[in-house]
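A short worksheet on the structure shown next.
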Amino acid sequence: MSITELVAQPATPETAAFTNVDDGDAVRARIHYLVAQNNAIIVQTQFADAKAAALLTLMGLLALRGPVPISSGPLGPLALGTLALITVSILLCLWALTPRFRGRIGKSKGAPGDRFTWTVLSNPDTAMHDHADFARSGDFAQLINSISMSNVGASMVLRRKFNAMQVAFGCAVLAILSSVFSLVT
């Protein structure tokens, strides 16, 4: 039975325990879900940064020590194309590694209701005791909203990183193939 069929079925005595959840448990489950989602986004962002750093190193070595070193004198069209691909790959890796903010809002006060992101917490206008009071006694709906907004913002950054890395890897593969071709010919 697929998960879609299982979810679509009406509650039975066996599944009632999963559908009849008290409000406190539901709030805790939602918060745990959002925090786990946030942690997963952070891990994926670190993974994207590690891939960008590794590719940046590889492309730098290929540019400086590869089959067509920059200091070898006048370069042919194949060597220039290879260096252009390497340069694009390096620039995209650097772009992916650059920390991002959500425009002016992320650098200043944050989105309305955002109390979760580090940009808001590190803002000089954020009072420590206000945040501590919110964390201790804030409305759960506002907390869930704040974590959700943070997850959406972080996932948008992650998507841009992975998109840049896809293009960077494509350029890197072409540069490596071009380098191999120049060695063969």
(request) For the pair S182 (side chain) and S179 (backbone), establish whether a donor and an acceptor sit closer than 3.5 Å, ignoring hydrogens and angles. (result) yes
(request) Could you check if a side-chain atom of V173 sits within less than 4.5 angstrom of a side-chain atom of L177, using non-hydrogen atoms only? (result) yes
(message) For a quick test of reading the model, state the closest non-hydrogen atom pair linking L55 to A172 and the distance between them.
(response) CD1-CB, 3.6 Å
(message) Looking at every heavy atom in both W95 and R160, which two are closest together, and how far apart are they?
(response) CZ3-O, 3.3 Å
(message) Within this structure, what is the CG-CG distance for the pair L97 and L92, rounded to the nearest 0.5 Å?
(response) 11.0 Å
(request) Determine whether I41 and T45 make a side-chain contact, defined as any pair of heavy atoms from C-beta on separated by less than 4.5 Å. (result) yes
(request) Report the distance from atom CD1 of I86 to atom CG of L91, rounding to the nearest 0.5 Å. (result) 12.0 Å
(request) Keeping to residues at least two apart or across chains, list the salt bridge (charged side-chain N to carboxylate O under 4.0 Å, His left out) pairs with something in residues 166-178. (result) none
(request) Looking only at non-hydrogen atoms, find the nearest pair between M59 and S89 and report the distance. (result) CG-OG, 3.4 Å
(request) Supply the members, apart from M156, of the Ile/Leu/Val/Met/Phe/Trp/Tyr cluster built from side-chain contacts under 4.5 Å; use none for a lone residue. (result) V152
(message) Quick check on the hydrophobic clustering: are I144 and Y33 connected, directly or via other members, by side-chain heavy-atom contacts under 4.5 Å?
(response) yes
(request) Mind checking the CG-CG spacing from N151 to L158? Nearest 0.5 Å is all I need. (result) 11.5 Å
(message) Show the nearest heavy-atom pair for residues A175 and T82, with the distance to one decimal.
(response) O-CG2, 3.7 Å
(request) Identify whether L94 and V167 are in the same connected component of the hydrophobic contact network (ILVMFWY, side-chain heavy atoms under 4.5 Å). (result) no
(message) Just verifying a value: how many Å separate Q44 CD and S155 OG, rounded to the nearest 0.5 Å?
(response) 12.0 Å
(message) Under 4.5 Å side-chain heavy-atom separation, chaining through any Ile, Leu, Val, Met, Phe, Trp or Tyr, what else clusters with L85? Say none if it is isolated.
(response) L174
(request) Decide yes or no for F162 and Q166: does some side-chain heavy atom of the first lie under 4.5 Å from some side-chain heavy atom of the second? (result) no
(request) Please report the closest heavy-atom contact between V88 and C171, naming both atoms and the distance. (result) CG1-SG, 3.6 Å
(message) Is it the case that the side chain of N38 and the backbone of I147 share a donor-acceptor pair, with hydrogens and angles ignored and the cut-off at 3.5 Å?
(response) no
(request) Using atom types as modelled and distance alone, determine if a side-chain donor or acceptor of T57 lies under 3.5 Å from a backbone N or O of A53. (result) yes
(message) Please find the pair of heavy atoms, one from M165 and one from A96, that lie closest to each other, and give the distance.
(response) SD-CB, 3.8 Å
